[in-house]
Amino acid sequence: MKKIISVVGARPNFVKVAPIHRAFLKKSELFDHRIIHTGQHYDATMSDAFFTDLEMPQPSWFLGVGSGSHAEQSARVMVGFEKVCLEHQPDYIIVVGDVNSTVACALTSVKMGITTAHVESGLRSYDRAMPEEINRMATDAIVDHLFVTEESGRVNLLREGASPDRIFFVGNTMIDSLLNAVPAANNSTILKRLSATPKEYVLVTLHRPSNVDIPEQLQMLTRVLENVAQSTPIIFPVHPRTRKMLAEIGFAPSKNITIIDPVGYIDFLCLMKNSKVVLTDSGGIQEETTALGVACVTARTSTERPSTIELGTNILVQPTEKGILAGIRESLAGRSRSASVPPLWDGNAADRIVDVVARHYS
Ligand code: UD1
Ligand code: UDP
């Protein structure tokens with residue numbers, strides 16, 4: 001029996017790991033799979049809600065690291081995670097995505113000589129000002145198995161010199177979660193609770209430091225929202241980082257803008273599926289809108305997920321007033337966009353990951 005641990009810490013990690021846990025359960029005669037939660041995200045709306053919505057078991061360990069500077073947070077994760085590894089003696093560690101918990105646990109486990117895998121490997125924005133880009137590059141440079149969601153990931157890793165036998169193009173576990181949860185999302189009551197009409201609102205999420213930590217930039221974004229809200233209602237579930245900054249700039253939204261706390265995964269899926277347009281700077285939401293065929297406007301200078309633009313429904317707009325407004329207007333006008341789903345985003349990515357791990361030990 002091989003002991004596997006998957007690491008979760010922040011909101012998008014839960015969505016990526018839930019299907020991996022389910023896939024390991026199907027091979028429980030071979031694997032003892034457990035989840036560790038670093039506690040990077042800790043609000044009920046950013047963490048607990050996901051375990052219920054994604055039908056994930058409670059984590060076997062909770063490190064409770066909380067917020068802090070990058071160094072403080074990563075250091076606390078490393079110290080706590082090392083203790084767990086020393087006690088539990090896992091054979092294989094899985095880290096997902098690009099958050100601080102990802103790189104901190106990868107660094108810890110690789111140095112302890114534990115076979116380590118990165119799920120969602122190879123994505124690159126080529127913008128080193130993004131903390132996530134550093135996390136992605138550092139993780140991919142050291143782990144053993146590189147599980148790739150889209151073709152660009154494979155190409156980037158090969159360009160960086162990764163040997164092809166470390167790279168496994170398996171698809172996207174975030175889309176495994178999405179396809180699994182669509183029936184539940186269809187039964188969500190969130191639209192009724194918010195008095196929203198399908199296909200008549202714009203859904204907004206913003207949390208990148210480059211957009212929300214600079215008061216002038218955030219002020220500009222609120223002007224954009226007010227402008228759009230003159231014609232189309234806006235629903236804006238606000239990330240805690242953004243909530244703090246909106247309070248600092250004293251944003252008082254007009255009545256066509258519904259500001260709410262972050263919502264659970266099933267409700268959010270329902271909101272995305274029924275929105276006319278999504279405005280975001282999220283990584284995962286670019287992928288989910290592509291899988292759902294919903295128009296997405298990404299307010300960033302770059303994306304690490306080019307397949308959502310080349311194949312999917314995403315457009316990248318300069319994060320300026322003019323750029324974002326033009327993108328939203330074009331999307332609201334419903335100009336047709338190619339809407340195919342990238343290869344292997346078919347709901348079976350986690351099974352492919354487990355097959356690779358099983359082959360590794362056979
Ligand atoms: C983190 C990830 C980012 C990811 C995002 C997903 C890093 C460097 N960044 O960004 O890649 O896209 O999660 O949502 O790992 N806070 C709360 N409650 C919480 C969590 C955070 O109030 O449960 C507040 C704290 O003030 C904290 C701030 O949000 O300082 C930022 O949290 P942090 O985890 O450092 O980064 P995120 O912006 O959430
Ligand atoms: N999400 C959610 N509720 C919300 C906002 C987002 O469930 O209020 C989900 C979303 O569907 C996706 C994940 O959270 O699965 C994306 O997380 P986030 O945008 O915070 O992180 P990123 O993907 O940018 O790292």
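Computed from a prediction, not measured in an experiment: that's the story for all the values here. All residue numbers in this chain count up from 1 along the given sequence. These values consider heavy atoms only, across backbone and side chains, with no hydrogens, waters or symmetry-generated copies.
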Nearest-0.5 Å distance, CZ of residue R76 to CD of residue Q40: 10.5 Å
H37 and its ring-ring contact (aromatic ring centres under 6.0 Å, His included) partner, picked from Y42, F81, F14: F14
Close side-chain approach of F147 and S121, heavy atoms under 4.5 Å: no
Pairs flagged by salt bridge (Lys or Arg N to Asp or Glu O under 4.0 Å) wherever residues 254-279 is involved - sequence neighbours left out: R193-D267, R243-D261
S6 and H33: side chain donor to acceptor below 3.5 Å: yes
Residues, nucleotides or ligands: over 12 heavy atoms within 6.0 Å of K199 NZ: yes
Salt bridge (charged side-chain N to carboxylate O under 4.0 Å, His left out) partner of D213, the single match among R208, R241, K244: R241
Atom pair OG/CE of S125 and M130 - distance to nearest 0.5 Å: 5.0 Å
Separation between NE2 of H239 and CE of M46, rounded to the nearest 0.5 Å: 3.5 Å
Side-chain ion pair, E150 and R305, N-O less than 4.0 Å: no
CD1-CG distance between I20 and D351, expressed to the nearest 0.5 angstrom: 10.5 Å
Passing candidate, side-chain contact (heavy atoms from CB on, under 4.5 Å) with I94, options V7, T115, V143, V119: V119
Spatial distance of atom NE2 (H360) from atom CG (D91) [nearest 0.5 Å]: 9.0 Å
I'd like a table of donor-acceptor pairs (distance under 3.5 Å, sequence neighbours excluded) in which one partner is a side-chain atom from residues 292-302, with atom names and distances.
residue, atom, partner, partner atom, Å
T298, OG1, N314, OD1, 2.7
T298, OG1, N314, ND2, 3.3
R300, NE, S302, O, 3.1
R300, NH1, E304, OE2, 3.4
R300, NH2, S302, O, 3.1
R300, NH2, E304, OE1, 2.5

Ion pair check, R124 and D98, cut-off under 4.0 Å: no
Salt-bridge criterion met for R223 and E226 (N-O under 4.0 Å): no
T320 side chain vs G323 backbone, donor-acceptor pair below 3.5 Å: yes
Check: Y92 ring centre within less than 6.0 Å of H145 ring centre: yes
